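Just below is one structure, and these are the notes that go with it.
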2 protein chains.
Amino acid sequence: MIQELKNSYGTLFEEELLQEIIASATYKEVPEGFKLIEIGDYVKSMPLLVSGAIKILREDTDGDELLLYYLEKGETCTMTMACCMGQKKSEIRAIAETDTKLIMIPIEKMEVWTAKYKSWRDFVFESYHNRINELLLTVDSVAFLNMDERLLNYLKEKVRVTNTSILKNTHQEIAYDLHSSRVVISRLLKKLEKLGSIELHRNYIKILDLNKV
Amino acid sequence: MIQELKNSYGTLFEEELLQEIIASATYKEVPEGFKLIEIGDYVKSMPLLVSGAIKILREDTDGDELLLYYLEKGETCTMTMACCMGQKKSEIRAIAETDTKLIMIPIEKMEVWTAKYKSWRDFVFESYHNRINELLLTVDSVAFLNMDERLLNYLKEKVRVTNTSILKNTHQEIAYDLHSSRVVISRLLKKLEKLGSIELHRNYIKILDLNKV
DNA sequence: CTAATTATGCAACCTATGTTACATAACTAT
DNA sequence: ATAGTTATGTAACATAGGTTGCATAATTAG
């Protein structure tokens, strides 16, 4: 864990804070698909991402989902942080998009470190700032873009986050993330295939060139 | 200003912090419609709302707008805060929805007070938390609701924020806020009128009962 | 008072996206 | 190999909401 921590956060935090993290945090590895947080959960520790990616989802009253954004190495779940501090229930669901390594910080430390370490304050504010910007991009996407553009962005983002050009997803799963229907996604994917941007297969999509469009 | 400050923030901040605010902040009154922040602005001070309401808007590349949420008494523009701290450009536009009274804090104080006062830290975190939740509601609205439901929520929220049942808006203005078209909004408003929920007039809408639907 | 401007009403139409239904292909388990 | 299950393809259709065009009412300017 020590090596992992220094790798991802070594330049961000001062030595003394790193020591405190090592002393109080726990290390955790979760496999792809692992559900880290469910809507309504009370969260008792705050995750720092060391490697992998986590997708953050929103759900409406009918159980319809929407992908909000991904968390990556060096980031933290700001919403969880907010929940921890306020002792509120989680507003979102968090699922490991890939195999993921995490450092879990007990919430008691939050308040203490915020008072004590400038680097921690900066990190926390930076996290909030990033998260708000991600949410703004989500709003932009849903409010201003058509489904074909959203799908394209979704594929690009997924390639980036998973760092592979073979996306192991069914059309149905993509439809859930984009809050659309399977038929619509199949239709749009077929269009992209005809343009030569992707190749469709059962259970996976091979990305050729998403900048053709 | 002192009275205004104690009125809105007296229970929130300790006496010493209140004194520091009084010493370094400036007081500002702006009329309805006043543009406080434009997208791309560098922001040099952080507003604390004393009375009135501010609407926060997002814009896409084509100049299309979307209302994100309102700021009210006792709240602060978290995005501005984020901008200040990171020396970044504003991602949003802020316009006074009603006549509004503000206390402007110079950004240099932010870092200092965050280290020094727990009540300030709590306030800042609480603000971030609230703003993220507002943004989530915006995402919900845009992603999961139809235009008729969004319009209804818009009217309800506007009644609440402006504290009057006479909404002085043209259909075009509402259309801008909801990122829709004038014709669509007129159509849906007419439906609400036929249900007896509202009364349509030139330049204003009289709200009768929005819970009929 | 008249002309110009602005807000609203409304019909006709278009399109993106969602829905239903069914066929077929590709896997999985027995 | 066979049957069942899951993923994909595709057509036909439904609908919310966006667009165009124009009429009319209300307001303002000259």
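A note on names: the letters A, B, ... follow the listed sequences, proteins ahead of strands, and every chain is numbered from 1. Hydrogens, waters and symmetry mates are skipped; everything else that's a heavy atom, side chains included, is used. The model shown is predicted, which means the values in this text are computed figures rather than measured ones.
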Distance in angstrom units between [X] [atom1] and [N] [atom2], rounded:
X	N	atom1	atom2	result
B:I185	C:dA7	CD1	P	15 Å
B:K168	C:dA7	NZ	C1'	17 Å
A:Y176	C:dG18	OH	C1'	15 Å
B:L200	D:dA25	CG	P	16 Å
B:L192	C:dT8	CG	P	15 Å
B:Y204	C:dT6	OH	P	21 Å
A:N169	D:dT8	CG	C1'	14 Å
A:L151	C:dA16	CG	C1'	14 Å

Only counting residues at least two apart or in another chain, list the ones meeting ring pair (Phe, Tyr, Trp, His ring centres under 6.0 Å) with [X].
X	result
A:Y9	A:F13, A:F123
A:Y154	none
B:H179	A:F144
B:F34	none

Inset, instruction - Using a strict cut-off of less than 4.0 Å between a Lys/Arg side-chain nitrogen and an Asp/Glu carboxylate oxygen, indicate whether B:K206 and B:E193 qualify as a salt bridge. - result: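 Salt bridge: no.
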Inset, instruction - Taking only the side-chain nitrogens and oxygens of B:H171, find out if one of them lies under 4.0 Å from OP1 or OP2 of C:dG9. - result: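 Yes, such a contact exists.
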Legend entry - Global bending angle along the helix from C:dC1-D:dG30 to C:dT30-D:dA1, which compares the axes of five pairs at either end, to 10 degrees: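 Inter-axis angle at the ends, rounded: 30°.
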My understanding is that only residues two or more places apart in sequence, or in another chain, count here; which of them pass salt bridge (charged side-chain N to carboxylate O under 4.0 Å, His left out) with [X]?
X	result
A:E97	A:K158
B:K191	none
A:R121	B:E111
A:E199	none

Legend entry - Summary of side chain to side chain donor-acceptor pair (under 3.5 Å) pairs that have at least one residue in residues 140-150 of chain B, sequence neighbours excluded: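 Residue pairs passing side chain to side chain donor-acceptor pair (under 3.5 Å), neighbours aside: A:R58-B:D140.
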Inset, instruction - For each nucleotide in nucleotides 23-30 of chain C, reading 5' to 3', give B when a protein heavy atom comes within less than 4.0 Å of its base, S when such contact involves only the sugar-phosphate, and - otherwise. - result: --BBS---
Legend entry - Sequence-aligned protein contact record of nucleotides 16-24 of chain D, with B where the base is within under 4.0 Å of a protein heavy atom and S where only the sugar-phosphate is: -BBBB----
Inset, instruction - Identify whether any heavy atom of A:L189 sits under 4.0 Å from a base atom; if not, whether one sits that close to sugar-phosphate; answer base, sugar-phosphate or nothing. - result: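 Since no nucleic acid heavy atom lies under 4.0 Å of A:L189, the category is nothing.
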Inset, instruction - State whether a side-chain donor-acceptor pair under 3.5 Å links A:R182 with A:S186. - result: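 On atom types as modelled, these side chains qualify, holding a pair under 3.5 Å.
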